There are 2 protein chains.
Amino acid sequence: MVGKQKWLTDQEQATWRSLMLATMLLEEALDRQLQRDAGIPHAYYAILVALSEASERALRMTELADRMHYSQSRLTHAMTSLERAGLVSRHRCPTDGRGQVATITETGMKLLRPIAAGHVAEVRRTVFDHLTTEQVAQLGDICNTLLVTLDPSHE
Amino acid sequence: MVGKQKWLTDQEQATWRSLMLATMLLEEALDRQLQRDAGIPHAYYAILVALSEASERALRMTELADRMHYSQSRLTHAMTSLERAGLVSRHRCPTDGRGQVATITETGMKLLRPIAAGHVAEVRRTVFDHLTTEQVAQLGDICNTLLVTLDPSHE
DNA sequence: TGCCTTTACTTGAACTCTCAAGTGGATTTG
DNA sequence: CAAATCCACTTGAGAGTTCAAGTAAAGGCA
């Protein structure tokens with residue numbers, strides 16, 4: 001047996017198990033909903049949202065990767081896939097020959113708008129419908145606390 | 001722009017972003033630590049732990065998949081990989097010709113013991129070191145609340 | 001100006017996970 | 001008791017991610 005010696009308290013153990021299971025199932029639920037309704041995974045949906053919210057709907061690849069906390073490689077692969085689907089496009093950066101500027105296409109925007117409603121509904125259904133305002137605040141505080149360690153660049 | 005109309009309150013939006021980022025970075029941190037120190041992903045580590053905690057260190061594949069909330073297919077692929085690494089083994093179930101009984105090998109146990117300490121240290125470092133007892137309780141409550149919807153089989 | 005390093009991204013292979021289809025042993029049922 | 005169905009798993013293809021290595025432009029700096 002592993003875990004006979006207690007490195008975590010009983011309460012911490014229980015919370016940990018619940019947290020791991022809840023986050024796993026939550027990600028799966030979000031992925032399934034978006035895959036079903038939009039044909040793209042949650043991670044790709046997030047890229048479309050980020051681009052749609054950017055000024056000019058355009059961002060340098062590195063800037064986009066930084067904002068999403070994705071690796072360059074992950075972003076490149078994702079963009080390649082989204083580009084094939086016609087949802088985004090890339091073109092050489094005029095001021096830096098190495099760079100690429102990513103944009104969401106009209107097709108991408110047309111996909112995004114109706115999809116967003118379904119996504120938010122899923123977020124409500126799985127999370128916010130069941131939490132009190134106080135719990136939302138607590139959860140936010142807890143996550144922000146963890147982000148200090150998890151994301152040193154976090155302000 | 002998407003999201004001009006508010007489907008979530010500002011507080012919910014903020015909490016949602018923090019939650020998504022924190023859970024993503026947390027999973028990555030756990031994966032990286034285990035990949036580095038044990039050469040296996042977090043999802044595989046969890047299988048080893050589950051087997052090590054089972055009576056006789058053995059479980060039917062379906063029972064194991066259910067406990068982990070993994071699909072049969074996911075578990076089969078994972079077991080194939082872990083088996084190749086010599087950490088687990090499978091053998092026909094004596095009472096049901098269709099079934100397989102999964103076990104963790106001595107090699108698997110020998111890997112697990114020292115690894116567990118490092119894993120718990122990472123869990124502490126990223127999570128519990130930064131939360132008050134009250135926050136741990138809050139987080140546990142919140143996750144259990146969400147699990148009612150996310151995992152209907154959850155008691 | 002010409003090297004040398006950094007920066008911005010891309011590529012490819014290996015790995016994990018999902019989804020759909022397949023295999024073959026139990027179970028039911030007419 | 002044979003045929004149909006169900007159940008426990010496996011398989012294979014496709015997609016997304018990571019990691020290491022590669023390309024090519026930018027920015028020192030001597």
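Just so it is clear: chains get the letters A, B, ... in the order the sequence lines come, proteins before strands, and each one is counted from 1. From a predicted model like this one, the values you see are computed outputs, not experimental measurements. Computed from heavy atoms alone, side chains included, the values below leave out hydrogens, waters and symmetry copies.
If you find the closest nucleotide of DNA chain C to A:Thr76 and to B:His77, the one lying nearer the 5' end belongs to A:Thr76. Across the interface with DNA chain D, nearest-nucleotide mapping of A:Gly39 and B:Arg32 shows A:Gly39 to be the residue nearer the 5′ end.
A:Gln35 has its CD atom 10 Å from the C1' atom of C:dC19, to the nearest Å. We find that CG of B:Leu82 is positioned 13 Å from P of C:dC15, with the value rounded to whole Å. Atom CG of A:Asp31 and atom P of C:dT16 are 19 Å apart (whole Å). Going from atom CD of A:Glu63 over to atom C1' of C:dC9 covers 15 Å, rounded to whole Å. The NE2 atom of B:His69 sits 18 Å away from the C1' atom of C:dT18 (whole-angstrom rounding). Atom CD in B:Glu83 sits roughly 15 Å away from atom P in C:dT16 (whole-Å rounding). Counting to the nearest Å, the P atom of C:dC17 and the CG atom of A:Leu25 are 14 Å from each other. Rounded to a whole Å, the CZ atom of A:Arg84 is 11 Å from the P atom of C:dT11.
Within 4.0 Å (heavy atoms only), B:Ala43 reaches sugar-phosphate atoms of the nucleic acid but no base atom. No contact: A:Arg92 has no heavy atom under 4.0 Å from any strand. Contact annotation for B:Gln72: base contact, defined as any heavy-atom pair under 4.0 Å involving a base atom. At a threshold of 4.0 angstrom between heavy atoms, the contacts of B:Tyr70 with the nucleic acid are absent. Among the heavy atoms of the strands lying under 4.0 Å from A:Asp96 are primed sugar atoms or P, OP1, OP2 only; no base atom is included. Backbone-only engagement by B:Arg90 is indicated by non-hydrogen atom pairs under 4.0 Å involving sugar-phosphate atoms exclusively. Note on B:Ser81: only backbone sugar-phosphate atoms sit closer than 4.0 angstrom, heavy atoms only; bases stay farther off.
Shown here for B:His69 and B:Ser153, the closest heavy-atom pair between the two residues is CE1-OG, 4.4 Å. When every heavy atom of A:Ala102 is checked against every heavy atom of A:Met61, the shortest pair comes out as CB-SD, 4.1 Å.
Donor-acceptor pairing under 3.5 Å is lacking for the side chains of B:Thr133 and A:Gln11. Between the side chains of B:Glu83 and B:Ser89, not a single donor N or O lies within less than 3.5 Å of an accepting N or O.
Between B:Tyr44 and C:dC17 there is a side-chain polar atom (N or O) within less than 4.0 angstrom of OP1 or OP2. Contact check, A:Gln100 against C:dT10: a side-chain N or O comes under 4.0 Å of OP1 or OP2. Not one side-chain nitrogen or oxygen of A:Arg98 sits closer than 4.0 Å to the OP1 or OP2 atom of C:dT10. Checking the phosphate oxygens (OP1, OP2) of C:dC17, a side-chain nitrogen or oxygen of B:Arg74 falls inside 4.0 Å.
The aromatic rings of A:His119 and A:Tyr45 lie tilted to each other, with the angle between the two planes from 30° to 60°.
Nucleotides of DNA chain D lying under 4.0 Å from heavy atoms of chain A occupy a range whose first and last members, 5' to 3', are D:dG16 to D:dA26.
The base of C:dT10 lies outside donor-acceptor range of the side chain of A:Ser73, with no N or O pair under 3.5 Å.
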* For B:Glu27 and B:Arg32, what are the C-alpha separation, side-chain angles and deciding distance, and is it a salt bridge (charged side-chain N to carboxylate O under 4.0 Å, His left out)? -> CA-CA 8 Å; B:Glu27 260 302 314; B:Arg32 226 187 307 280; over 6 Å; no
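Surrounding CZ of A:Arg17 are at most 12 heavy atoms belonging to other residues, nucleotides or ligands under 6.0 Å away.
B:Thr103 places no side-chain N or O within 3.5 Å of a backbone atom of B:Ala58 that could act as its donor or acceptor partner.
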